[in-house]
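First up is the structure itself, then whatever we jot down about it.
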There are 2 protein chains.
Amino acid sequence: MLDDAARRELHESTGLRGTYLEQLFTFGDPSRDPRAHVVSAAYMALIPDASAVKAPCDKYANGRWYEVTRLPELAYDHSLIAAYALKRLKSKLEYSNIANALLPREFTFAEFEELYSLILGRPLDRRNFRRRILAMGILKCLPHTRRGPHRPAALYSFANQSLRFIEML
Amino acid sequence: MLDDAARRELHESTGLRGTYLEQLFTFGDPSRDPRAHVVSAAYMALIPDASAVKAPCDKYANGRWYEVTRLPELAYDHSLIAAYALKRLKSKLEYSNIANALLPREFTFAEFEELYSLILGRPLDRRNFRRRILAMGILKCLPHTRRGPHRPAALYSFANQSLRFIEML
DNA sequence: CCAAAAGTGTTTTAAATACACCCATGC
DNA sequence: GCATGGGTGTATTTAAAACACTTTTGG
């Protein structure tokens with residue numbers, strides 16, 4: 001299965017396991033790689049914590065992290081693939097609980113909102129956004145809070161751990 | 001390019017040219033075909049008129065037309081692929097002018113609405129639907145009408161011939 | 001004049017937007 | 001007591017939904 005192959009490849013190159021994984025698109029333009037006619041089924045993986053990626057093995061030794069809005073020039077048509085991934089992620093944020101794959105088990109509402117704002121690339125109205133999200137019912141409020149240098153923040157987690165699509169009628 | 005291959009294959013098996021074509025998903029489960037491990041990049045083609053399909057050549061000689069809601073049991077995982085196609089088409093109907101690929105150049109509003117109702121699988125309120133579509137601006141009203149046994153119907157065509165996505169903000 | 005499909009407005013309801021101040025804590 | 005981020009409510013605007021009759025033509 002392609003999913004399994006992608007998962008295996010991801011694990012070999014990053015050490016990641018149990019990652020959210022989604023097929024994006026299959027690219028088959030003969031000119032995308034000048035050396036050979038390569039057909040690539042592109043996948044997107046989502047993780048909550050970049051530091052979970054192990055020091056790269058010999059394969060892909062020069063992998064690095066970039067802000068998605070500031071990707072460098074990539075080889076072949078990989079910029080296109082990255083753009084496609086971001087587009088897919090944006091649209092799924094709006095009608096699913098996919099953000100679960102990008103956040104730790106517990107998080108504050110501010111962290112949740114920051115994630116959305118970052119990926120959607122626009123500022124969000126704090127009150128309206130909170131109202132909308134809570135009305136969706138994708139989050140549940142936990143009984144404990146996170147204490148910090150300021151007012152403690154309520155902690156949330158996702159109501160469903162598995163990917164769900166929200167009906168908005 | 002995969003698109004070209006799909007187009008070529010479609011032409012060979014149906015005689016169709018200039019068809020709307022869209023990649024759906026790539027299926028790679030080793031068990032989908034018991035004889036061999038086949039990876040298939042599935043494509044969806046849309047045409048306005050079933051009769052444009054030429055009498056099948058030797059290849060795919062037993063091709064037939066079915067109502068999408070009444071597909072028979074298909075070989076391998078082809079039912080899954082068909083379901084995927086319908087799902088994609090449904091969602092694109094809502095925020096693009098993709099219906100252009102399914103209608104002749106000129107059509108009545110009733111035909112347009114019937115298409116939507118059929119694909120979306122639910123009845124539509126005539127007045128609300130008309131208001132919404134005209135507000136989108138994807139159609140233009142033509143100066144002439146279609147005369148029939150009853151009151152003549154205004155004819156419409158698409159404002160843009162090429163695929164456009166509608167911003168609904 | 002009748003059958004059949006085409007066309008048209010208003011009211012109600014719900015959702016989205018805009019917007020600014022008070023709260024709880026650590027230091 | 002003050003700096004910092006956490007948290008809350010209302011009024012306005014806009015869009016969606018519900019709903020039934022009149023119009024135009026051919027036969």
Side-chain angles (χ1 to χ4, degrees), chain A residues 90-91 93-97 99 103-159 165-169, chain B residues 90-91 93-97 99 103-159 165-169:
Chain A
K90 270 187 192 180
S91 77
L93 267 194
E94 314 235 28
Y95 62 89
S96 80
N97 63 357
L103 287 168
R105 189 177 277 107
E106 303 185 347
F107 46 86
T108 68
F109 204 92
E111 291 167 339
F112 182 83
E113 183 183 333
E114 191 191 0
L115 175 72
Y116 270 69
S117 175
L118 209 78
I119 296 174
L120 297 178
R122 57 182 156 96
L124 297 168
D125 180 281
R126 187 140 44 118
R127 289 173 285 189
N128 294 337
F129 180 72
R130 172 186 286 253
R131 184 181 16 252
R132 239 165 27 87
I133 294 297
L134 295 181
M136 279 189 200
I138 63 177
L139 297 184
K140 62 166 184 262
C141 193
L142 301 176
H144 47 295
T145 58
R146 176 180 301 167
R147 308 182 69 79
H150 305 301
R151 175 175 177 174
L155 286 170
Y156 292 83
S157 68
F158 280 83
F165 295 89
I166 312 326
E167 287 301 329
M168 313 213 169
L169 258 208
Chain B
K90 271 187 190 179
S91 77
L93 266 194
E94 313 236 28
Y95 61 89
S96 78
N97 63 356
L103 287 169
R105 189 177 277 105
E106 302 186 347
F107 46 87
T108 69
F109 205 93
E111 291 167 339
F112 181 83
E113 183 183 333
E114 193 192 358
L115 175 72
Y116 269 68
S117 175
L118 209 79
I119 295 175
L120 297 178
R122 57 183 155 96
L124 295 168
D125 181 281
R126 186 138 46 116
R127 290 173 283 189
N128 293 338
F129 181 72
R130 172 186 286 254
R131 184 179 18 250
R132 240 166 27 86
I133 294 296
L134 294 182
M136 279 188 199
I138 63 177
L139 297 184
K140 62 166 184 261
C141 193
L142 301 176
H144 48 295
T145 59
R146 175 180 302 167
R147 308 182 70 81
H150 305 300
R151 175 174 177 173
L155 286 169
Y156 291 83
S157 68
F158 280 84
F165 295 89
I166 311 328
E167 287 301 331
M168 314 215 165
L169 255 208

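Just so it is clear, the values below take in all heavy atoms, side chains as well, and ignore hydrogens, waters and symmetry mates. Every chain is numbered from 1, with letters handed out A, B, ... down the list of sequences. On a predicted model such as this, the values are computed, not experimentally measured, just so you know.
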- Task: Counting heavy atoms from C-beta on, name the nucleotide in D:dG7, C:dT8, C:dC19 closest to the side chain of B:R127.
- Result: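 Selected nucleotide (nearest to the side chain): C:dT8.
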- Query: Which distance, rounded to the nearest 0.5 Å, do you find between the CE of B:M136 and the CZ of B:R132?
  - Reply: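 Those atoms lie 5.0 Å apart.
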Give the rounded distance in Å between these two atoms: [atom1] of [X] and [atom2] of [N].
X      : N      : atom1 : atom2 : answer
B:F107 : C:dA5  : CZ    : P     : 20 Å
B:F129 : D:dA17 : CZ    : P     : 12 Å
A:L124 : C:dA18 : CG    : C1'   : 14 Å
B:E114 : C:dA5  : CD    : C1'   : 12 Å
A:D125 : D:dG9  : CG    : P     : 15 Å
A:F112 : D:dG6  : CZ    : C1'   : 17 Å
B:R146 : C:dG7  : CZ    : P     : 11 Å
B:E94  : D:dA16 : CD    : C1'   : 13 Å

- Can you name the closest pair of heavy atoms from A:L142 and A:S157 and give their distance?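 So the two residues come closest at CD2-OG, 3.7 Å.
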- Task: Take A:F109 and B:G148, find for each the nucleotide of DNA chain D with the closest heavy atom, and name the residue whose nucleotide sits nearer the 5' end.
- Result: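 Nearer the 5' end of the strand: A:F109.
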- Task: Check whether any side-chain heavy atom of A:I133 lies under 4.5 Å from a side-chain heavy atom of A:F109, and answer yes or no.
- Result: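 Yes - at least one pair of side-chain heavy atoms lies under 4.5 Å apart.
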- Query: Given side chains that start at C-beta, do those of B:T108 and B:L155 come closer than 4.5 Å, heavy atoms only?
  - Reply: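 When only atoms from C-beta onward are counted, B:L155 and B:T108 do touch, with a gap below 4.5 Å.
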- Task: Would you indicate whether A:R105, at its atom CZ, is surrounded by more than 12 heavy atoms from other residues, nucleotides or ligands within a distance under 6.0 Å?
- Result: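 Atom CZ in A:R105 is not crowded, with 12 or fewer foreign heavy atoms closer than 6.0 Å.
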- A:S117 side-chain N/O to A:R122 backbone N/O, donor-acceptor pair under 3.5 Å: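 Flag set: sc A:S117 to bb A:R122 pair under 3.5 Å.
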- Query: For C:dG7, does either OP1 or OP2 sit under 4.0 Å from a side-chain N or O belonging to B:R130?
  - Reply: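 The answer is yes; a side-chain N or O of B:R130 sits under 4.0 Å from OP1 or OP2.
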- Task: Would you mind telling me which residue lines up with the more 5' stretch of DNA chain C, B:P152 or A:H150, judged by nearest nucleotide?
- Result: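 Looking at the nearest nucleotide for each, B:P152 comes out on the 5' side.
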- Donor/acceptor link under 3.5 angstrom from B:R126 side chain onto base of C:dA5: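 No, the side chain and the base share no sub-3.5 Å donor-acceptor pair.
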- Query: Below 3.5 Å, does any donor atom in the side chain of A:R151 face an acceptor in the base of C:dA24, or the other way round?
  - Reply: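 Between C:dA24 and A:R151, which were checked side chain against base, a qualifying N/O pair under 3.5 Å is absent.
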Atom pairs under 3.5 Å, N or O on each side, protein against nucleotides 10-15 of chain C: can you list them with distances?
from	atom 1	to	atom 2	distance (Å)
C:dT10	O4	B:R131	NH2	3.4

- Message: Using atom C1' in both nucleotides, what's the gap between D:dC2 and C:dC22 to the nearest angstrom?
- Response: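 Nearest-Å result for D:dC2 against C:dC22 at atom C1': 15 Å.
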- Task: Pick base, sugar-phosphate or nothing for A:R147, based on heavy-atom distances below 4.0 Å to the nucleic acid.
- Result: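 Sugar-phosphate, backbone atoms only, no base.
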- Query: Taking the six-membered ring where the residue is Trp, are the ring centres of B:Y116 and B:F129 under 6.0 Å apart?
  - Reply: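 Under 6.0 Å, so yes.
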